[in-house]
Participant: 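Pasting a structure here, questions to come.
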2 protein chains.
Amino acid sequence: MAATIKDVAAAAGVGIATVSRVFSGAGAVSAATRERVLAAARELDYRPSAVGRSLKTRRTGGLGLAVPDVTDPFCAELVAGVLDCARSLGQHVLLDVTLGDPAREAEIAERFAEQRVDGVIALPSGSGEPWSGFVRTGVPLVYAGRRPSGHPEGRQGRGGGGEAARARAGGGVPAVLADDAAGIRSAAEYLVGLGHRRIGFLGAPAPGAPPDAREDAFRAALAALGVPVEEDLVARARPTRDSAYAAAAGLLQRRSDLTAVLASGNLSGEAAVLVARELDLRVPADLSIAMVDDVAWAELCDPPLTAVARPGRDIGYRACELAARDTGRETGRRAPSGPVLLPTDLIVRGSCAPTPIRRDRARH
Amino acid sequence: MAATIKDVAAAAGVGIATVSRVFSGAGAVSAATRERVLAAARELDYRPSAVGRSLKTRRTGGLGLAVPDVTDPFCAELVAGVLDCARSLGQHVLLDVTLGDPAREAEIAERFAEQRVDGVIALPSGSGEPWSGFVRTGVPLVYAGRRPSGHPEGRQGRGGGGEAARARAGGGVPAVLADDAAGIRSAAEYLVGLGHRRIGFLGAPAPGAPPDAREDAFRAALAALGVPVEEDLVARARPTRDSAYAAAAGLLQRRSDLTAVLASGNLSGEAAVLVARELDLRVPADLSIAMVDDVAWAELCDPPLTAVARPGRDIGYRACELAARDTGRETGRRAPSGPVLLPTDLIVRGSCAPTPIRRDRARH
DNA sequence: CCCTTTTATGGAAACGTTTCCATGCTGTTG
DNA sequence: CAACAGCATGGAAACGTTTCCATAAAAGGG
C-alpha cells in the first residue's frame with residue numbers, strides 16, 4: 001500500500017542504498033541523483049518507515065513516560081516538560097497512566113520494554129519495584145517527580161548519608177525531584193512564624209511501612225522548630241477527591257483546635273478549602289491553609305491560596321534529558337550522583353494569617 | 001544484547017517458528033514444548049520485539065494523539081479518555097502537543113506517519129489542513145473535541161445541510177465533539193432567563209475568515225431569544241492566560257454596562273474571574289459569570305462558577321474507539337455519518353444572578 | 001493394516017530499512 | 001603515464017518477527 005524504499009529506487013532508477021543515503025543524510029550522493037530521488041519520493045508520497053529503520057538501527061526514537069494521572073495538574077506539567085524536551089531531541093513519547101496501581105505499572109513497563117523505547121521516565125507509586133525490575137532491560141530509566149518509597153536517607157539532598165547509601169537508594173536509578181523537604185519546611189516555617197502551633201497535615205497514605213516522604217519532612221520541620229508533633233494532627237488519604245475530602249473533613253472535625261492546615265498536594269488542598277467552607281470556617285481568620293503545588297486555581301480561590309510551587313515542567317524536562325542522554329548506548333557508567341533536586345518556591349497569597357487571638361486566649 | 005527469538009529457540013532446542021507460535025498464541029504447540037520454550041524465555045529474559053513484529057504484521061499497535069496543550073484541563077481529560085480506551089484495546093499511545101501551531105501540527109502528523117501508527121486522534125487548531133493532508137496516508141484519522149473551522153454548516157447536528165454537505169465538512173474525517181452549540185445555547189438561555197440583556201462573550205480568535213463555532217452559536221442563541229447582539233460585546237483572545245486576561249479586561253472596561261459574561265473556555269473563565277475581582281465587581285451581584293468547561297476549580301471559586309460541562313473523557317474514549325475501529329484494515333467504507341455529538345451539561349452554581357435592579361433602572 | 005486426517009514442528013521467505021563492501025569513475029600527483 | 005585517492009553508486013547481508021509450506025509423526029476409520 002504505502003510506497004517503500006524499493007518503489008522509490010525503481011522510480012528514480014537508482015539502487016535502494018542510494019535512496020537510503022538521500023533520506024538518512026549519511027554518505028555522499030550527487031546533487032542530480034538526490035534531486036531525482038526526492039522527486040520520485042514526492043511523487044509516490046514516500047515516507048521512510050520508522051519500523052524498518054528501527055529494526056536495523058536498534059533505536060526507535062521513542063521514550064516511555066508513565067505518570068499516575070494526566071488529569072492532575074502537576075503530572076500534566078511534568079508531561080508537558082517531557083514532551084517539550086523530547087521534541088527538541090527529536091524523540092517521540094509513549095504516554096501511559098498508572099493510576100498509582102503497581103500492577104498497571106508493571107504492565108506498562110512490560111509494554112515499554114516490548115516497544116523497545118530508548119528510555120523511560122516514570123513517576124513511580126509505592127515502592128516502585130515494577131520499575132526497578134525494568135532496569136534489567138538495560139534501557140535508561142529516570143524517576144521524575146517522586147521516587148520509590150523506602151529510601152533509607154530520610155532527608156534527601158542534605159549532607160547525611162554516604163555515596164554508597166545514596167546509590168542504594170532508588171537502586172541506582174537517577175531521579176529528578178522537587179526539593180519537597182525544603183518546600184514543606186518553608187511552608188512549616190512560615191506557618192509557625194505566624195504563630196501557629198497546632199498545624200494539621202493532609203498527606204498520602206503509606207500502605208507499606210515507611211511514611212510518605214513529605215510527611216517525614218513535615219514532622220522534621222516542626223521538630224526543628226520546636227513545635228511538638230501530635231500523632232493525630234496528620235491525616236492520610238488516597239489520591240482521589242473523595243478520599244481527600246474524607247480525610248480533610250475527618251481531620252478538621254476531630255481537631256477543632258487546629259489553626260492551620262498544610263495540604264501535601266492539590267487534591268488535599270481542594271478538600272481543605274471545600275471542608276473549611278462546609279464547616280463555615282473563615283479562611284484565613286479561623287483557619288490558615290497552605291498547600292503543596294501551585295495550581296492555576298490557587299490564585300482564583302477566595303482568598304487566594306498560599307502554595308509551595310514545584311517546578312513540574314522543569315522536572316519533566318530534565319528527566320527527559322537524562323533518559324535520552326544515556327541513550328547514546330554503551331556510555332559505561334551513568335554517574336549515580338544522587339537525585340537532581342530542583343528548588344521549590346513558597347508563593348505567599350492570602351490564605352494564611354497570624355494565629356487567631358481567641359484561640360491563643362483559650363489556650364492560656 | 002537483548003535476547004532474540006533465535007536465542008530462545010536455540011536454548012529450548014526448537015525452531016524459531018515454534019517460539020513465535022508460543023508467543024503469538026497462533027498455531028498449535030504441544031504443552032511440553034510450550035513449557036520448554038517459556039522456561040528458556042524466562043531464563044533469557046526474552047521479550048518479543050514489537051519492532052520486528054510490526055515490520056512483519058504491518059501494524060504497530062500504536063495510536064497517535066495530538067492535542068494543543070496537555071496542561072489544559074479539557075485536553076487532559078480527553079487524553080485520559082483516549083488512554084483509557086487505548087488500553088482496553090491493547091494499543092499504546094504516542095502523545096504530542098501542537099500548541100495550536102499549524103506548523104507543529106504538520107510535523108507531528110509527519111512523525112505519526114513515519115511511525116506507522118495504526119490510527120490518529122487529533123484536536124485540530126485552525127483550519128486543520130495538516131490533518132486533512134494526513135488522510136492520504138490511509139491511516140484512520142478522527143477529530144476529537146473540535147474540528148477544523150470553515151465548515152459550511154453553521155449549526156452542526158441540527159436538521160439543516162444535506163448528507164453531501166456534511167461529508168464535505170471535515171473532509172470526510174469522522175469527529176467526536178461536544179455539542180457546543182447546545183451548550184452555549186443553554187448558558188445563553190439561562191442568562192437571558194435571569195433577565196440579562198447585555199451579555200459579553202469571551203471567545204477564541206479567528207485568524208482566517210470564519211468566526212469560531214462557539215461564537216456563532218452564541219450569536220445564534222441570542223438571536224433566537226430575541227436579544228440583539230452588539231458587535232463589541234464579543235472579545236477574542238488567543239489561548240494564553242495573558243491574552244485571555246487582556247481580552248476580558250478590555251471587554252469589561254469597554255462595556256461597563258455589561259451584566260453578564262459568558263466565557264467560551266476555562267482560560268477565559270479564569271480571566272473573567274480575575275478581572276472582575278480586579279475591578280471590584282461583586283459576582284454575581286454586579287456581574288454574572290458563566291463559563292464553558294467544568295474544571296475542578298469552578299467549584300472552589302467564591303462564588304462557585306456556573307459552567308457548561310463538556311464530556312472530555314468520553315470524547316477521547318469514543319474518538320479512540322473510532323480511530324482504532326477502522327484499523328481492521330480494508331473495512332471498505334467508513335460511514336461518514338456526520339460527527340458524533342456528545343451532550344453538554346449546564347452546571348448551575350452561584351455565579352449568576354438576576355439582573356441587578358439599579359442597572360435595569362438606569363436603563364428606563 | 002493401510003489410507004487419510006489431524007497435529008506438531010522446522011525451513012525459509014518476506015517485511016523496510018541501514019550499512020559494509022566492491023566496483024567503476026574522475027581527477028591528482030609523482 | 002601509471003598509480004592512487006576519492007567520490008558516486010549498487011549488491012547483499014543483516015535486524016527480529018510472522019507465516020506459508022513441507023514434512024513427519026500420531027491418530028482415526030474402514
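Per chain, numbering begins at 1; letters A, B, ... match sequence-line order. Atoms considered below: every heavy atom in the structure, side chains included; atoms not considered: hydrogens, waters and symmetry mates.
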Participant: Taking any heavy-atom pair under 4.0 Å as a contact, classify Arg34(A): base, sugar-phosphate, or nothing.
Facilitator: nothing

Participant: If you check every side-chain atom of Ala17(B), which of dT19(D), dT18(C), dA8(C) has the closest atom?
Facilitator: dT19(D)

Participant: On DNA chain D, compare the nucleotides closest to Thr18(A) and Leu55(B); which residue's is nearer the 5' end?
Facilitator: Thr18(A)

Participant: Grab the two heavy atoms, one from Pro124(A) and one from Ala122(A), that are nearest each other, plus how far apart they are.
Facilitator: CD-O, 3.2 Å

Participant: Could you check whether Val14(B) gets within reach of a base, just the sugar-phosphate, or nothing at all, counting any heavy atom under 4.0 Å?
Facilitator: sugar-phosphate

Participant: What's the angle between the local helix axes at either end of the helix from dC1(C)-dG30(D) to dG30(C)-dC1(D), using five pairs per end and rounding to 10 degrees?
Facilitator: 50°

Participant: Base, backbone or nothing for each nucleotide of nucleotides 21-28 of chain C, written B, S, -, heavy atoms under 4.0 angstrom, 5' to 3'?
Facilitator: --------

Participant: Which nucleotide sits closest to the side chain of Ser49(A): dA12(D), dA8(C), dG16(C)?
Facilitator: dG16(C)

Participant: In whole Å, what is the span from the CZ atom of Arg53(B) to the P atom of dG16(C)?
Facilitator: 17 Å

Participant: Which part of the nucleic acid, if any, lies within contact of Phe23(B), taking any heavy atom under 4.0 Å across all strands shown: a base, the sugar-phosphate backbone alone, or nothing?
Facilitator: nothing

Participant: From the options dG16(C), dG16(D), dA8(D), select the nucleotide whose nearest atom is closest to the side chain of Thr4(B).
Facilitator: dG16(D)

Participant: Kindly write out the residues that satisfy side chain to side chain donor-acceptor pair (under 3.5 Å) with Asp45(B), not counting sequence neighbours, or none if the list is empty.
Facilitator: Arg136(A), Arg47(B)

Participant: Name the residue closer to the 5' end of DNA chain C, choosing between Gly13(B) and Gly52(B) according to the nucleotide with the nearest heavy atom.
Facilitator: Gly13(B)

Participant: For Ser30(A), report the nucleic acid contact type (base, sugar-phosphate, nothing); a contact means any heavy atom under 4.0 Å.
Facilitator: sugar-phosphate

Participant: Once you round it to whole Å, what is the distance between C1' of dA14(D) and CZ of Arg59(A)?
Facilitator: 19 Å

Participant: For the residue pair Leu44(B) and Ala11(B), what are the closest heavy atoms and their distance?
Facilitator: CD1-CB, 4.0 Å

Participant: Using the side-chain heavy atoms of Lys56(B), tell me which of these nucleotides is nearest: dA14(C), dT17(C), dA12(D).
Facilitator: dA14(C)

Participant: Mind calculating the distance between CD (Glu35(B)) and C1' (dA8(C)) to the nearest angstrom?
Facilitator: 17 Å

Participant: Expressed in angstrom and rounded to an integer, what is the separation of Arg58(B) atom CZ from dT17(D) atom C1'?
Facilitator: 14 Å

Participant: Tell me the closest heavy-atom pair linking Pro174(B) and Leu322(B), and the distance in Å.
Facilitator: CB-CD1, 4.3 Å

Participant: Taking any heavy-atom pair under 4.0 Å as a contact, classify Thr33(B): base, sugar-phosphate, or nothing.
Facilitator: sugar-phosphate

Participant: Without hydrogens or angle criteria, can the side chains of Ser125(B) and Glu105(B) be said to hold a donor-acceptor pair below 3.5 Å?
Facilitator: yes

